[in-house]
Novice: 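Dropping a structure here in structure tokens format, bear with me for questions.
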Amino acid sequence: MGIWNTITKLTYEFISSATEQNFKNMQKKNLLSSEEMKRYKDLNEELKKVKEAHSEYISAENEKDKQIKKANSNAEISEEEKEKIIEEAEKNFEQFEDSFFERGGGSKYGDKVSMREYMNELSQEILQIIKSNEGKDTL
């Protein structure tokens, strides 16, 4: 599970930095209309917010998984102690989730799958703006 989260994070980081560079290039060459420029900035800002929410959620989830794995692999503690540690890790994560969705960090974007889908949609829109303006710089 962790590898896919890492790949997703790296993919969106790459897209973000590439789109930022493309934006700067198009801005220098006056290739974007003011409407496109505003839309581009808005999409990038929204993508950044979703990525931050997704990263926060995934980090908390990974921490829970790490605590559970550590408890399960510790042969020096009893099964009762392992169960307590696991219950505590799950309780802490549930509290995080409740807080996360109540304060709007996640509820605005849905669960982690919805957040990934939304990031993909935003990235596609950003790429469309870039693609629609790529041919203009050769004029």
Side-chain angles (χ1 to χ4, degrees):
M1 190 70 176
I3 189 72
W4 290 114
N5 293 331
T6 302
I7 290 170
T8 299
K9 184 176 179 177
L10 290 173
T11 300
Y12 289 114
E13 289 298 321
F14 175 75
I15 290 170
S16 179
S17 63
T19 56
E20 183 65 25
Q21 185 59 44
N22 281 334
F23 175 73
K24 288 178 182 177
N25 290 341
M26 288 186 286
Q27 192 176 27
K28 283 180 190 174
K29 297 176 182 179
N30 291 323
L31 297 177
L32 293 177
S33 69
S34 58
E35 291 171 7
E36 288 173 318
M37 198 174 300
K38 181 180 180 343
R39 181 70 180 147
Y40 189 91
K41 285 181 181 179
D42 291 346
L43 288 169
N44 270 312
E45 189 60 36
E46 183 70 2
L47 180 60
K48 181 180 175 184
K49 289 176 185 176
V50 180
K51 284 188 330 187
E52 288 171 358
H54 184 263
S55 180
E56 181 181 2
Y57 185 91
I58 294 300
S59 294
E61 186 177 50
N62 287 343
E63 182 61 31
K64 174 195 75 160
D65 293 343
K66 187 169 86 174
Q67 289 173 352
I68 291 171
K69 185 177 180 179
K70 185 177 178 181
N72 282 328
S73 66
N74 190 342
E76 297 177 8
I77 61 175
S78 69
E79 287 301 314
E80 289 176 353
E81 289 175 300
K82 286 180 185 182
E83 285 181 29
K84 285 181 184 179
I85 292 170
I86 291 169
E87 285 176 14
E88 185 68 24
E90 289 174 346
K91 178 184 164 195
N92 288 341
F93 182 71
E94 286 175 17
Q95 289 174 342
F96 163 79
E97 265 190 321
D98 291 344
S99 170
F100 181 75
F101 289 110
E102 281 178 15
R103 65 182 155 87
S107 62
K108 181 177 180 179
Y109 308 114
D111 64 7
K112 70 180 180 180
V113 173
S114 297
M115 284 187 266
R116 273 196 299 257
E117 289 171 354
Y118 187 46
M119 286 188 289
N120 187 44
E121 290 171 18
L122 291 170
S123 297
Q124 291 302 316
E125 281 190 65
I126 291 168
L127 291 173
Q128 280 303 110
I129 292 172
I130 292 169
K131 284 181 180 180
S132 69
N133 288 285
E134 281 179 343
K136 293 180 182 178
D137 67 354
T138 59
L139 298 176

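Every heavy atom of this structure was used, including side-chain atoms; hydrogens, water molecules and symmetry mates were not.
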Novice: Distance from I126 atom CD1 to M119 atom CE, nearest 0.5 Å?
Specialist: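 CE of M119 is found 11.5 Å from CD1 of I126.
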Novice: Would you give the length of the straight line joining atom CZ of R39 to atom CD of E125, rounded to the nearest 0.5 angstrom?
Specialist: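 One gets 4.5 Å once the value is rounded to the nearest 0.5 Å.
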Novice: Atom CD in E52, atom CE in M115: separation rounded to 0.5 Å?
Specialist: 12.5 Å
Novice: Taking the six-membered ring of Y57 as reference, does the NZ or CZ atom of K112 fall below 6.0 Å from its centre and within a 45° cone about the axis?
Specialist: no
Novice: For the OH atom of Y118 and the NE2 atom of H54, what is their distance to the nearest 0.5 Å?
Specialist: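 Interatomic distance, Y118 OH to H54 NE2, rounded to 0.5 Å: 14.5 Å.
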Novice: Given I85, which of N74, N72, I68, I77 fulfils the side-chain contact (heavy atoms from CB on, under 4.5 Å) condition?
Specialist: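 By the side-chain contact (heavy atoms from CB on, under 4.5 Å) criterion, I85 pairs with just one of N74, N72, I68, I77: I77.
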Novice: If I take atom NZ from residue K84 and atom NZ from residue K91, how far apart are they, to the nearest 0.5 angstrom?
Specialist: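 Here the rounded value is 13.0 Å.
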Novice: Can you get from F101 to Y109 by hopping between Ile, Leu, Val, Met, Phe, Trp and Tyr side chains that sit under 4.5 Å apart?
Specialist: yes
Novice: Does the distance from a Lys or Arg side-chain N to an Asp or Glu carboxylate O, for D65 and K69, drop under 4.0 Å?
Specialist: no
Novice: Which heavy atom of F93 sits nearest to which heavy atom of K64, and what is that distance?
Specialist: CB-CD, 3.6 Å
Novice: Taking 4.0 angstrom as the limit, do E79 and K82 come out as a salt bridge?
Specialist: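 Yes, E79 and K82 are salt-bridged.
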Novice: Apply salt bridge (charged side-chain N to carboxylate O under 4.0 Å, His left out) to the pair E63 and K66, showing each step before the final yes or no.
Specialist: CA-CA 5 Å; E63 182 61 31; K66 187 169 86 174; 3.6 Å; yes
Novice: Do side-chain atoms of S99 reach the backbone of Q95 as a donor and acceptor pair under 3.5 angstrom?
Specialist: no
Novice: Any donor-acceptor pair under 3.5 Å linking the side-chain atoms of N120 with those of S123?
Specialist: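 No.
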Novice: Could you pull out the closest heavy-atom pair between A89 and Q67, with the gap in Å?
Specialist: CB-OE1, 3.1 Å
Novice: Distance check, rounded to the nearest 0.5 Å: Q124 atom CD versus L122 atom CG?
Specialist: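 The CG atom of L122 is 10.0 Å from CD of Q124, to the nearest 0.5 Å.
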Novice: Side chain to side chain contact (heavy atoms under 4.5 Å, CB included) for I130 and Y40? Distances and angles first, verdict last.
Specialist: CA-CA 9 Å; I130 292 169; Y40 189 91; 3.8 Å; yes
Novice: Just by distance, do the side chain of S55 and the backbone of K51 share a donor-acceptor pair under 3.5 Å?
Specialist: no
Novice: Walk me through whether F96 and E56 qualify under side chain to side chain contact (heavy atoms under 4.5 Å, CB included).
Specialist: CA-CA 10 Å; F96 163 79; E56 181 181 2; 3.8 Å; yes
